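I'd like to ask some things about the structure below.
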Amino acid sequence: MKSETNSVVDHYTRNNLMERIREALSSAGHDSDILTVSMLSELDHLHGGGLTTTEVQAELAQIPFGCQVLDAGCGIGGPSRYLADTYGCQVSAIDLTSEFVEVAHQLNEQVGLDDKITVTVGSVTELPYEDHSFDVVLSQNVSMNVADKTKMFSEAFRVLKPRGIFTFSHLADGPNAPPIYPLPWALTPDVSFLETPQKIIDVLSAAGFVEIEDKASVASSKPGGPPPSGTIGGAPAMGDDMPARIQNSIQSNQEGRLIPMMVVARRPS
Ligand SMILES: C[S@@+](CC[C@H](N)C(=O)[O-])C[C@H]1O[C@@H](n2cnc3c(N)ncnc32)[C@H](O)[C@@H]1O
């Protein structure tokens, strides 16, 4: 039987991803030989609401300008590039899927942000960083693929500086769970570990976090929502069937099968 992490990597690995990205940009009328952060943002924020959700989450979490950030489960690096470019952050980024990490690295180089972002292959449950390394840990739509949330949250706690901020978006089980599969993060339930919102908060609290708030109800853009209109969306990186998988997420949300969360919590001093 495949390990959970192998199944997650299989789910996200595309092959020829750089080519797919260039083709999608060209089809949308961009000159894909000269990449920019703004052009890439049409397709590199791999969560509901795309760039808009990242902007809203960064604002709600009050990410300080120029701080040290860990992007935990960085995908192809859209949120990392946004924080380096807009907030002047120094970003360490980590992801289990080596193809995503390779593409993130190439894109960072091509937009001239490789001196501000370092990308590594690895798991959010076993972080290769020293204690107290970061002001902020950001993790968008990653925890749904992580069975051991106790390990994920305690690793985020360990690498944060005192008073550091942990912010993550998550889709939790609603009262009418299970959700409708296939979903953006899992085609079948075997790589989907959702838990109830209360359980997520309880595990976070047990890891030592304080000032825990779920800001999803005040966020104008939701982790499980549609991509902003007029953008390319996540299909080049996540698969051509993304529109149907996003529709299942939206319907599951409407039917109380899924509950979007956008959590901000603090490591105490
Ligand atoms: C839906 S994508 C979101 C990517 C990125 N956070 C974003 O919002 O653009 C989920 C990502 O989580 C990564 N992932 C899943 N489990 C992980 C783990 N245990 N450690 C590190 N990355 C993981 C996947 O490889 C994938 O890149």
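Every number for a ligand or one of its atoms is a count from 1 in the order of the listing. These figures come from a predicted structure and were not determined experimentally.
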*asked:* Once rounded to the nearest 0.5 Å, what's the spacing between atom NZ of Lys199 and atom CG of Asp173?
replied: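 Here the rounded value is 12.0 Å.
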*Nearest to atom 14 (N) of ligand 1, what protein heavy atom do you find, and at what distance?*
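Result: Val142 CG1, 3.8 Å.
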*Among Thr54, Asp44, Asp71, which one satisfies side chain to side chain donor-acceptor pair (under 3.5 Å) with Ser80?*
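Testing each of Thr54, Asp44, Asp71 against Ser80, the sole residue satisfying side chain to side chain donor-acceptor pair (under 3.5 Å) is Asp71.
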*Give a yes/no on ligand 1: does Trp185 have at least one heavy atom closer than 4.0 angstrom to it?*
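Not so, Trp185 does not reach ligand 1.
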*Under 4.0 Å between a Lys/Arg side-chain N and an Asp/Glu carboxylate O for Arg20 and Glu23?*
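No, no charged N to carboxylate O under 4.0 Å.
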_His47 N/O under 3.5 Å from ligand 1 N/O_ =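 In this structure, His47 places an N or O atom under 3.5 Å from an N or O of ligand 1.
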_Pairing of Arg163 and Glu211 as salt bridge, 4.0 angstrom limit_ =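 Looking at Glu211 together with Arg163, the answer is yes, because their closest N to O distance falls below 4.0 Å.
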*Which protein non-hydrogen atom lies closest to atom 17 (C) of ligand 1, naming both residue and atom, and how far is it?*
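Going atom by atom, the protein heavy atom closest to atom 17 (C) of ligand 1 ends up being Leu96 CD2, 3.6 Å.
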*So between Val8, Val124, Leu46, whose heavy atom ends up nearest atom 3 (C) of ligand 1?*
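Nearest option to atom 3 (C) of ligand 1, by heavy atoms: Leu46.
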*What's the spacing between Met242 CE and Ser249 OG if we round to 0.5 Å?*
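One finds 9.0 Å between CE of Met242 and OG of Ser249.
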*Does a salt bridge link Asp241 with Arg245, judged by any charged N lying under 4.0 Å from a carboxylate O?*
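Yes.
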*Of the protein's non-hydrogen atoms, which lies at the shortest distance from atom 26 (C) of ligand 1, and what is that distance?*
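In this structure, atom 26 (C) of ligand 1 has Asp95 OD2, 3.6 Å as its nearest protein heavy atom.
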_Test item: Arg14 side-chain N/O and Ala237 main-chain N/O as donor-acceptor pair under 3.5 Å_ =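 Checked: pair present.
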*Under 3.5 Å between some N or O of ligand 1 and some N or O of Thr125?*
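N/O-N/O distance under 3.5 Å: no.
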_Close approach of Cys74 to ligand 1, heavy atoms, under 4.0 angstrom_ =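 The answer is yes: ligand 1 sits under 4.0 Å from a heavy atom of Cys74.
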*Under 4.0 Å from any heavy atom of Thr97, which atoms of ligand 1 are there?*
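Those of ligand 1 that fall under 4.0 Å from Thr97 are 24 (C), 25 (O).
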*Candidate list Phe134, Phe153, Phe157, test ring pair (Phe, Tyr, Trp, His ring centres under 6.0 Å), partner Phe166, passing option*: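 Exactly one pass, corresponding to Phe153.
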*Any non-hydrogen atom of Asp44 lying under 4.0 Å from ligand 1?*
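Yes.
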*Asn145 to ligand 1: N or O pair under 3.5 Å?*
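There is no such contact.
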*At a non-hydrogen distance cut-off of under 4.0 Å, which region of His45 contacts ligand 1 (side chain, backbone, both, or neither)?*
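Near ligand 1, His45 shows its backbone, while the atoms from C-beta on stay back.
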*State the NZ-CD distance between Lys149 and Glu195, to the nearest 0.5 angstrom.*
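With rounding to 0.5 Å, NZ (Lys149) is 5.5 Å from CD (Glu195).
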*asked:* Starting from atom 19 (N) of ligand 1, what is the nearest protein heavy atom, named by residue and atom, and what distance separates them?
replied: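 Heavy-atom neighbour on the protein nearest atom 19 (N) of ligand 1: Ser123 OG, 3.1 Å.
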*So which protein heavy atom does atom 4 (C) of ligand 1 come closest to, and at what separation?*
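In this structure, atom 4 (C) of ligand 1 has Gly73 O, 3.5 Å as its nearest protein heavy atom.
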*State, with a plain yes or no, whether a side-chain heavy atom of Val69 is found less than 4.5 Å away from one of Gln90.*
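Val69 does not reach Gln90 side chain to side chain.
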*Report yes or no: does Gly122 have a heavy atom closer than 4.0 Å to ligand 1?*
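Flag set, Gly122 near ligand 1.
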_Under a 4.0 angstrom heavy-atom cut-off, which atoms of ligand 1 come close to Gly75?_
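By the 4.0 Å cutoff, the relevant atoms are 4 (C), 5 (C), 27 (O).
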